[in-house]
Amino acid sequence: MEIKLFNTMSKSIEIFKPLEEGKVSMYTCGPTVYHFAHIGNLRTYVSQDVMKRMFIANGYDVKHIMNFTDVGHLTSDGDTGEDKMEKGSRREGKSVWEIAKYYTDVFLSDIKKLNILPATKYTPATQYIQEQIDLVKRLEDLGYTYKIEGDGIYYDTSKFADYWKLGGQKLDDLKAGARIDFADGKRNIADFALWKFSPKDVKRQMEWDSPWGVGFPGWHIECSAMSLKEIGDRMDIHSGGVDHIKVHHSNEIAQVEPVIGHKWVNYWVHMEFLNDLTGKMSKSKGDFLTLSKLEDLGYPAIVYRYFLLMASYRKQITFSYELLDGAKNSYENLVKKVNVISKEADRNFNKSVVENWKTKILETLNNDINTAGAIVILQELLKSNETASTKAELIKFFDEILGLNLIENAKALEKSNFSDIPEEITKMAQERLEAKKNKNYALADELRTKISDAGYIIEDKPDRFNIKAK
Ligand code: AMP
Ligand code: ZN
């Protein structure tokens with residue numbers, strides 16, 4: 001069946017044609033592991049996950065590589081400022097390696113909670129230093145680089161005529177706006193660091209020898225070097241948040257295409273932002289929303305996933321608790337309906353009816369990852385006159401493509417069993433659920449602490465809770 005995707009390069013919806021029949025190669029830019037991912041970052045990974053599930057549901061074998069940026073991402077896009085990893089290390093009084101390990105683990109646990117399928121391989125940048133040095137060397141040999149004394153090796157964007165093809169910016173507009181910090185010695189406004197020298201007076205925790213002196217790779221070279229190594233010199237899809245279009249991904253193309261001598265990526269797929277009410281959500285603002293904060297407020301991770309899938313990945317979302325509450329109610333209703341259906345269903349579903357629905361679902365989803373449209377069909381199915389068994393079989397399919405864990409959560413509705421829990425604890429837990437519904441989070445927190453002090457743990461589930469002795 002046909003799959004359509006919006007390609008940032010052509011700025012149009014295109015029919016997907018794989019490089020190799022039945023296979024998709026995909027590289028997605030991963031997190032900078034110096035801090036928690038905020039719920040905006042996580043939106044990008046959820047969007048990429050349904051894209052991947054869409055290909056799998058269409059019978060493709062997907063090879064997916066995701067990097068962890070654990071070195072070289074500076075606090076400014078203009079190649080100045082501190083390495084974010086060193087910043088995290090100072091903030092927490094731990095080594096950069098400990099910081100990278102800790103935030104990588106939290107990230108992996110967050111994406112698991114969001115039911116994001118694991119990548120085929122995760123590639124931390126510090127494990128590919130030689131590949132990055134080799135690529136810079138190739139660019140140097142081809143005449144694309146220059147050195148800024150005491151600073152680093154830079155890419156000369158004036159040498160690559162196609163530099164602006166992805167972002168579509170006009171050089172004159174950029175010069176007029178000149179928003180990018182212009183490091184001393186840069187020849188052109190868009191030039192960027194390939195290799196940075198370690199400062200003379202400061203000992204960096206992460207640094208390596210190179211043909212140009214001790215230092216560390218620039219942020220952009222890692223994705224190019226790692227995807228060339230892991231995927232090869234052609235790939236189907238390269239994806240990231242929309243902020244990557246004009247700088248990071250434009251730089252990546254400039255680093256790769258002169259070396260390989262042909263087109264590198266067939267589809268550039270960019271995921272829109274989740275903003276907060278004050279505008280862009282960003283880690284540098286300090287107080288940003290994480291998945292665990294949402295969970296503490298009584299919103300299970302899967303509800304956040306459902307909230308995201310109700311919109312197109314190409315539309316911005318402005319986050320609000322009202323919208324999230326709406327998603328929570330809607331998700332809980334779905335789970336209750338699935339619970340009733342699962343009890344009535346047996347294995348005797350009508351095969352051709354199921355196949356017809358599946359075709360309709362995929363035709364919708366395949367139209368540029370239309371998750372909102374797929375959810376509408378799910379609602380239609382639940383309201384329809386189909387038998388419980390047919391519905392149950394199709395809900396399984398929905399779980400595969402949308403990853404909403406409907407069946408598992410519907411089963412969990414059955415399991416709440418408070419028989420060995422003292423009555424006063426159950427009562428407090430019920431009061432807490434009420435308090436959360438009324439958004440009295442202070443009271444809810446107080447009750448959670450009391451319950452915990454008495455030796456019990458509350459696990460929040462959609463619309464209910466479990467209590468366990470510690
Ligand atoms: P970072 O950890 O900052 O390197 O970002 C990880 C991913 O999140 C990248 O693909 C970014 O493009 C994406 N991203 C950053 N901010 C947001 C946001 N507010 N909403 C959605 N995606 C974002
Ligand atoms: Zn990248």
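These numbers come from a predicted model, not from an experiment. For ligands, and for the atoms within them, numbers begin at 1 and follow the listed sequence.
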Checklist line | Salt-bridge criterion met for Lys337 and Glu332 (N-O under 4.0 Å) | finding: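 Result for this pair is no, no salt bridge flagged.
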Next item on the list: Output yes when Lys137 and Asp134 qualify as a salt bridge under the 4.0 Å nitrogen-oxygen rule, no when they do not.
Entry: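 Salt bridge flag = no for Asp134 with Lys137.
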Would you check the N or O atoms of [X], main chain and side chain alike, for any that come under 3.5 Å of an N or O of ligand 1?
X      : answer
Gly240 : no
Gly241 : yes
Asp243 : yes
Pro31  : no
Lys84  : no
Asn41  : yes
Thr44  : yes

Item checked: Tyr122 and its ring-ring contact (aromatic ring centres under 6.0 Å, His included) partner, picked from Phe107, Phe68, Tyr128 ->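 Only match with Tyr122 under ring-ring contact (aromatic ring centres under 6.0 Å, His included): Phe68.
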Notebook entry, point to check: What do the steps show when you test Tyr154 against Asp151 for side chain to side chain donor-acceptor pair (under 3.5 Å), and what is the final call?
Noted result: CA-CA 9 Å; Tyr154 277 75; Asp151 181 333; 3.1 Å; yes
Below 3.5 Å, can you tabulate the donor-acceptor pairs from side chains in residues 395-407 to any protein atom, sequence neighbours excluded?
from: Lys396; atom 1: NZ; to: Glu393; atom 2: OE1; distance (Å): 3.1
from: Asp399; atom 1: OD1; to: Asn405; atom 2: N; distance (Å): 3.2
from: Asp399; atom 1: OD1; to: Leu406; atom 2: N; distance (Å): 2.9
from: Asp399; atom 1: OD2; to: Leu406; atom 2: N; distance (Å): 3.1
from: Asp399; atom 1: OD2; to: Ile407; atom 2: N; distance (Å): 3.0
from: Asn405; atom 1: OD1; to: Asn115; atom 2: ND2; distance (Å): 3.2

Next item on the list: Can you run down the salt bridge (Lys or Arg N to Asp or Glu O under 4.0 Å) pairs that involve residues 307-325, sequence neighbours left out, and say none if there aren't any?
Entry: Arg314-Asp368, Asp325-Lys439
Margin query: Applying salt bridge (Lys or Arg N to Asp or Glu O under 4.0 Å) as the test, list every pair that has at least one member in residues 54-66; sequence neighbours left out.
Written below: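 Found none.
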Notebook entry, point to check: Can you list the ligand 1 atoms lying under 4.0 Å from a non-hydrogen atom of His244?
Noted result: 9 (C), 10 (O), 11 (C), 12 (O)
Notebook entry, point to check: His38 heavy atoms, cut-off 4.0 Å: which ligand 1 atoms fall inside?
Noted result: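 Reading through ligand 1 atom by atom, the close ones are 16 (N), 17 (C), 18 (C), 19 (N).
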Margin query: Let's go through Ile13 and Leu5 carefully: what are the C-alpha distance in whole Å and the side-chain angles of both, what is the deciding distance for side-chain contact (heavy atoms from CB on, under 4.5 Å) to 0.1 Å, and is it a yes or a no?
Written below: CA-CA 5 Å; Ile13 303 251; Leu5 267 185; over 6 Å; no
Next item on the list: Indicate whether any N or O donor in one side chain lies under 3.5 Å from an N or O acceptor in the other, for Asp49 and Ser47.
Entry: no
Notebook entry, point to check: Does one side chain, of Thr44 or Gln48, offer a donor that lies under 3.5 Å from an acceptor on the other?
Noted result: no
Next item on the list: Answer yes or no for Met271: is there a heavy-atom contact with ligand 1 below 4.0 Å?
Entry: no
Notebook entry, point to check: What protein N/O/S atoms lie closer than 2.8 Å to the Zn ion (ligand 2)?
Noted result: Cys29 SG, Cys223 SG, His248 NE2
Note to self: For the residue pair Arg43 and Phe273, would you count it as a cation-pi contact if the rule is NZ or CZ under 6.0 angstrom from the ring centre and within 45 degrees of the ring axis?
What the structure shows: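 Geometry flag: not set, cation outside 6.0 Å or 45°.
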